[in-house]
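Protein chains get the first letters and strands the later ones, always in sequence-line order, with residue 1 at the start of each.
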Amino acid sequence: MQRTKIKEILQSDKCDYQVNVKGWVRSFRNNQFIALNDGSCMGNLQVVIGLDADEQLIKGINNGVSISVDGMVIASQGKGQKVEIKADAVTILGECDPEKFPLQLKNRPSLEYLREIAHLRFRTNTFGAVFRVRHTLAYAIHKFFNDRGFVYLHTPIVTASDAEGAGEMFRVSTLPFDNPPRNEDGTINFKEDFFGRATNLTVSGQLEAELGAMAFSEVYTFGPTFRAENSNTARHLAEFWMIEPEVAFNDIYDNMDLAEDLLKFVISYALEHNREDLDFLATRLADEEKQKPMNERSEMGLIEKLEFVLNNKFERITYTEAIDILLDSTAYKKKKFQYDVKWGIDMQSEHERYLVEKHFKKPVIVTGYPKEIKAFYMRQNDDGKTVAAMDILAPGIGEIVGGSQREERLDKLTQRMEEMHIPTEEMYWYLDTRRFGGVPHAGFGLGFERMVLFVTGMTNIRDVIPFPRTPKNAEF
RNA sequence: UCCUCCUUAGCUCAGUUGGUUAGAGCACAUGACUGUUAAUCAUGGGGUCUCAGGUUCAAGUCCUGAAGGGGGAGCCA
């Protein structure tokens, strides 16, 4: 008999039909009631075993065991669920030694502990919900761009350029570590390496995406990104996923609209398709908040927050306005900021948090940053001081999107590259787009895990990627 | 990388001013009960108190160092 997904059975009120279900035992009560979960949804299906069941079978049914059940879906006699399965036959597919099974759900294992057994944590309610939502968000991103006629461009994972200066890179090499070929001056001879040159894992697909946009008009990338920074925070990973749309003929304002539309679309898509998971995560978050002192609790629940974001326009301010707001704040006047505020600084996270969480209390798009603190490819504004950059700051997360209108004027671009000591000869392929039919264009990078954090209400980025890679940690 | 806190049973955590045999809940085993919802009740087994030194008559408790983890910061998405 073909397997029926538990989600399908729980979603319908239909009764009195024969099914087969397979899944993992979450709890076994009273030698009679199995709570069975197959990952298709949050809820467990109650499987009822007759009291006359085989003793060996009953002994074998522990938490974590995988089973196959044939039986009749009936209206439940007990409270707590509409339907249940009266089992005719139960087969144990894979046993699970309860003495050794590290996942004991009744102990409410901590997120930190579950991170150490990340290969088993999918079998918990929290991580089940998180990764179903993560899937939905990934799908919604592709749907959003596909519906708008974007081409999904696969930019390379292995790259030779270190142009963007986005951070420390992981070297890709097949040279022997202990005895690499050397040049006469003692430096390593990468001409003998696999690619015939020094190569690294990508830190961004943007530059390549720009090339695609100069032909397809609108493209996006969605792939893994690698930063070898020694960052030990709840917001950083060495391997993370990034979405980078790049659109020809767009200016910075179109770019802001696109980013805001994208974020709102994927949030609404998740609310629509993963409501049960999000409700669970909202409850989990509310429980966690109860542990905190009053003044640290957030004013809104998770669902409320997501709906608020959907229903309100993101605040749009310039960097100069942002600095003025900070200078005018009581926090600044009472010297609450650890770092000083003045025009030209790269805003610290305490400043960004003030703007987003205290002043505006919603996502804020900041534009027009000083050119000194931004990348070479950003379009220079007429004031000669600022560039057409935009960062979207989200409450609780900080920078979730970073983007800009790109400098399409060849002379201005090469001049800026020279000022910042970026080799223009090596970057000929990038500059060619400005030489041969270049157009104004804009794009941004959206950190996927940061978005998953925002939507799920989780607080540590290591809990929203299946197998986190961070300094000193590449287990599993 | 910096600051700060933590590490006690398989898990979550108590452990008093340094003082005899380190406790609880859950999990596990055995038995009872059987429409349960983190089932319940009884009984039982389970400890290199993270590791290495040190102070002391005596260290889970105090000191030094190391490892791992949390929170905050920097870098950023």
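- For A:Y377 and A:Q206, the side-chain atoms include at least one donor-acceptor pair closer than 3.5 Å.
- Nearest to the side-chain atoms of A:Q46 among the listed nucleotides B:rA77, B:rG35, B:rU12 stands B:rG35.
- B:rG74 sits 38 Å from B:rU17 when the P atoms are compared, rounded to a whole Å.
- For A:I461, whose side chain is taken as the heavy atoms from C-beta onward, the closest listed nucleotide among B:rA77, B:rA27, B:rU37 is B:rA77.
- Listed nucleotides: B:rG71, B:rU36, B:rU1. Nearest to the side chain of A:N460: B:rG71.
- The listed nucleotides are B:rC76, B:rC11, B:rU30; the one nearest the side chain of A:D346 is B:rC76.
- Of the listed nucleotides (B:rC76, B:rU36, B:rA73), B:rC76 has the atom at the smallest distance from the side chain of A:R227.
- Take the nearest nucleotide of RNA chain B for A:N473 and for A:K59: the residue whose nucleotide is more 5' is A:K59.
- For an aromatic pair to be called close, the ring centres must be under 6.0 Å apart, and A:H154 with A:Y152 satisfies this.
- Residue A:Y339 has its side chain nearest to B:rA73 when only B:rC75, B:rA73, B:rA77 are considered.
- Remark: ring of A:F240 overlaps the six-membered base ring of B:rA77 in a stacked fashion, centroids less than 5.5 Å apart, planes less than 30° apart.
- Residue A:P98 has its side chain nearest to B:rC28 when only B:rU37, B:rC28, B:rG70 are considered.
- You'll find that the side chain of A:R115 is closest to B:rG69, out of B:rG69, B:rG74, B:rU36.
- Cation-pi geometry between A:R121 and A:F127 is met: the NZ or CZ atom falls under 6.0 Å from the ring centre, inside 45° of the normal.
- Partners of A:Y354 by ring pair (Phe, Tyr, Trp, His ring centres under 6.0 Å), not counting sequence neighbours, listed by chain and number: A:F337.
- Checking B:rU37, B:rG10, B:rC11 against every side-chain atom of A:Q104, the shortest atom distance belongs to B:rG10.
- Residue A:R121 places no side-chain N or O under 4.0 Å from the OP1 or OP2 atom of B:rC11.
- Residue A:R235 has its side chain nearest to B:rA73 when only B:rG35, B:rA73, B:rA77 are considered.
- Across B:rG45 and B:rA52, the matching P atoms stand 29 Å from one another, rounded to whole Å.
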